[in-house]
Amino acid sequence: MDVAAASDAPFIPADSNVGKIRCAPGGVARNVAENLARLGRHTHLISVVGDDVFGQSVKELTRSSGVNVSAVLCLKGCRTSTYLSLHGPNGDMAVAVNDMCILEQLGPELLVPHETLLAGAAAVVLDTNLNASAIEWLLLRGSKVNSFVDGVSVGKCQKVAPYLAHIQTLKLNALEAQALTGLQVSNADDGRVAALSLHQRGVRRVVISLGAQGVVWCDADAQTGNLPAKDVNVISTSGAGDALLAGIVYGSLANWSFPVSVEFGRRCAEFTLSSPYSNHPGLSVDAV
């Protein structure tokens with residue numbers, strides 16, 4: 001569950017700030033799943049929730065968005081993953097706290113029952129909130145898996161470092177790219193170098209989001225490029241990266257070229273920036 005607070009004015013530390021607080025389903029892979037469902041793809045979510053109010057709400061709202069949640073397991077006595085973020089009046093996140101310890105229980109033993117579902121999927125999207133054993137099991141199941149991975153954070157993205165050669169498409173932000181490559185990523189040129197470096201280490205395709213500086217990418221043929229960011233009205237930055245990845249997955253499944261898929265993903269992200277929620281309820285192919 002995403003709990004997002006936005007202040008009406010610049011923050012005053014150690015004081016009560018007037019603003020707005022919203023709760024909505026979140027989580028990187030869950031957001032990608034909802035976006036893909038809204039874009040018209042038949043999408044399943046494999047995850048775990050607690051037997052609490054947040055868990056019930058997340059599961060029901062995700063189902064109502066079009067995602068099949070039959071593979072979401074409810075664990076008794078556990079807290080549902082919760083992400084609390086604080087945003088300034090410009091929409092940028094100032095600080096966040098995540099409580100995702102329940103995902104440590106989503107290991108290979110809980111994934112094996114869904115092996116047939118995974119084997120029949122046109123694409124498998126995973127994020128690094130998963131524990132290392134689950135990531136290893138998913139990525140090493142077979143070289144034919146069409147895998148898309150979101151790095152999530154500097155600390156968590158390094159879980160995939162041993163398995164780069166098994167990733168079809170890796171989506172990172174600048175800090176995550178720096179963590180995985182050891183290279184400085186402060187502009188588009190840096191980003192293209194980092195993306196190429198990851199490709200040379202085995203990742204088939206790489207996308208690095210640079211926020212206000214746009215998106216850079218490296219395709220399967222080691223060709224790099226960048227798309228500058230457009231000037232859009234930003235209400236909240238939450239979920240924009242997840243929409244970017246969802247658009248890229250959609251384009252890949254539609255057999256578009258990688259640059260066109262990245263462009264579509266960028267437009268999904270721009271569309272999401274205009275919503276206070278992590279998933280824009282009006283997202284559709286026609287809208288984008």
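Excluded from the calculations below are hydrogen atoms, water molecules and symmetry mates; all remaining heavy atoms, backbone and side chain alike, are included. Bear in mind the structure is a predicted one, so any value in this text is a computation, not a measurement.
The side chain to side chain donor-acceptor pair (under 3.5 Å) contacts involving residues 93-117 comprise Arg79-Asp99, where partners must be two or more places apart or lie in separate chains. The side chain to side chain donor-acceptor pair (under 3.5 Å) contacts involving residues 10-19 comprise nothing, where partners must be two or more places apart or lie in separate chains. Applying the ring-ring contact (aromatic ring centres under 6.0 Å, His included) test to pairs two or more places apart or on separate chains, those with a residue in residues 223-252 are Tyr250-Trp256, Tyr250-Phe264.
Residues Leu180 and Leu198 meet the side-chain proximity criterion, which asks for heavy atoms closer than 4.5 Å. At least one side-chain heavy atom of Thr237 sits less than 4.5 Å from a side-chain heavy atom of Leu273. Side chains of Cys268 and Arg266 form no contact here, defined as non-hydrogen atoms less than 4.5 Å apart. In this structure, the side chains of Phe271 and Val232 stay at 4.5 Å or more apart for every pair of heavy atoms. Between Leu75 and Val49 the shortest side-chain heavy-atom distance does not fall below 4.5 Å. You'll find the side chain of Leu183 stays beyond 4.5 Å of the side chain of Gln178, heavy atoms only. For the pair Val185 and Leu175, the minimum side-chain heavy-atom distance is 4.5 Å or more. Annotation: side chain of Cys23 is in contact with side chain of Met1 (closest heavy-atom distance under 4.5 Å).
In this structure, CG in Leu73 is found 9.5 Å from SG in Cys78, a value given to the nearest 0.5 Å. The structure places NZ of Lys159 at 12.0 Å from CG of Leu139, a figure rounded to the nearest 0.5 Å. The distance from the CG atom of Leu36 to the CG atom of Leu45 is 11.5 Å, given to the nearest 0.5 Å. The distance from atom CZ of Arg205 to atom NZ of Lys171, rounded to the nearest 0.5 Å, is 15.5 Å. Rounded to the nearest 0.5 Å, atoms CG (Leu111) and CH2 (Trp137) are 5.5 Å apart. Note that CD1 of Ile235 is 12.5 Å distant from CG of Asn90, once rounded to the nearest 0.5 Å.
Between Thr80 and Asp52, the side chains place a donor N or O and an acceptor N or O closer than 3.5 Å (distance only, hydrogens not considered). With hydrogens and angles left out, the side-chain atoms of Asp286 and Ser284 include no donor and acceptor closer than 3.5 Å. Inspection of the Ser85 and His87 side chains reveals an N or O donor paired with an N or O acceptor under 3.5 Å. The closest side-chain donor-acceptor pair between Thr62 and Arg30 falls under 3.5 angstrom.
A salt bridge between Asp51 and Lys76 is absent, with no side-chain N of the basic residue lying under 4.0 Å from a carboxylate O of the acidic one. Salt bridge Asp8/Lys20: present, at least one basic N to carboxylate O contact under 4.0 Å.
Judged purely by atom type and a 3.5 angstrom limit, Thr181 uses its side chain to pair as donor or acceptor with the backbone of Ala177. Remark: the backbone N or O of Asn31 is paired with a side-chain donor or acceptor of Asn279 at under 3.5 angstrom. Although no hydrogens or angles enter the test, the distance criterion places a donor-acceptor pair under 3.5 Å between the side chain of Thr128 and the main chain of Gly151. Checking side-chain atoms of Ser147 against main-chain N and O of His166 turns up a donor-acceptor pair under 3.5 Å. Judged by distance alone, the side chain of Asn187 and the main-chain N or O of Asp189 form a donor-acceptor pair under 3.5 Å. Using a distance-only test at 3.5 Å, with no hydrogens or angles considered, no donor-acceptor pair links the side chain of Ser7 to the main chain of Pro10. Of the possible donor and acceptor atoms, one in the side chain of Asp150 sits under 3.5 Å from a partner among the backbone N and O of Val152. A donor-acceptor pair is defined here as one N or O able to donate and one able to accept, closer than 3.5 Å; no such pair exists between the side chain of Arg204 and the backbone of Thr169. With hydrogens and angles ignored, the 3.5 Å screen pairs a side-chain donor or acceptor of Ser64 with a backbone N or O of Leu61.
Atom CG of Asp231 is surrounded by 12 or fewer heavy atoms from other residues, nucleotides or ligands within 6.0 Å.
For the pair Glu263 and Leu227, the tightest heavy-atom approach, listed with the atom from each and the gap, is OE1-CD1, 3.4 Å. The minimum heavy-atom distance linking Ser261 with Ser252 is given by the pair OG-N, 3.5 Å.
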Checklist entry - Between Leu138 and Leu130, does a side chain to side chain contact (heavy atoms under 4.5 Å, CB included) hold up when you go through it step by step? => result CA-CA 10 Å; Leu138 286 163; Leu130 289 167; 3.7 Å; yes
Next on the checklist: Ser274 vs Asn233, test: side chain to side chain donor-acceptor pair (under 3.5 Å). Steps then yes/no.
Outcome noted: CA-CA 6 Å; Ser274 65; Asn233 179 35; over 6 Å; no
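Exactly one residue among Leu126, Val203, Val206 makes a side chain to side chain contact (heavy atoms under 4.5 Å, CB included) with Ile167. That residue is Val203.
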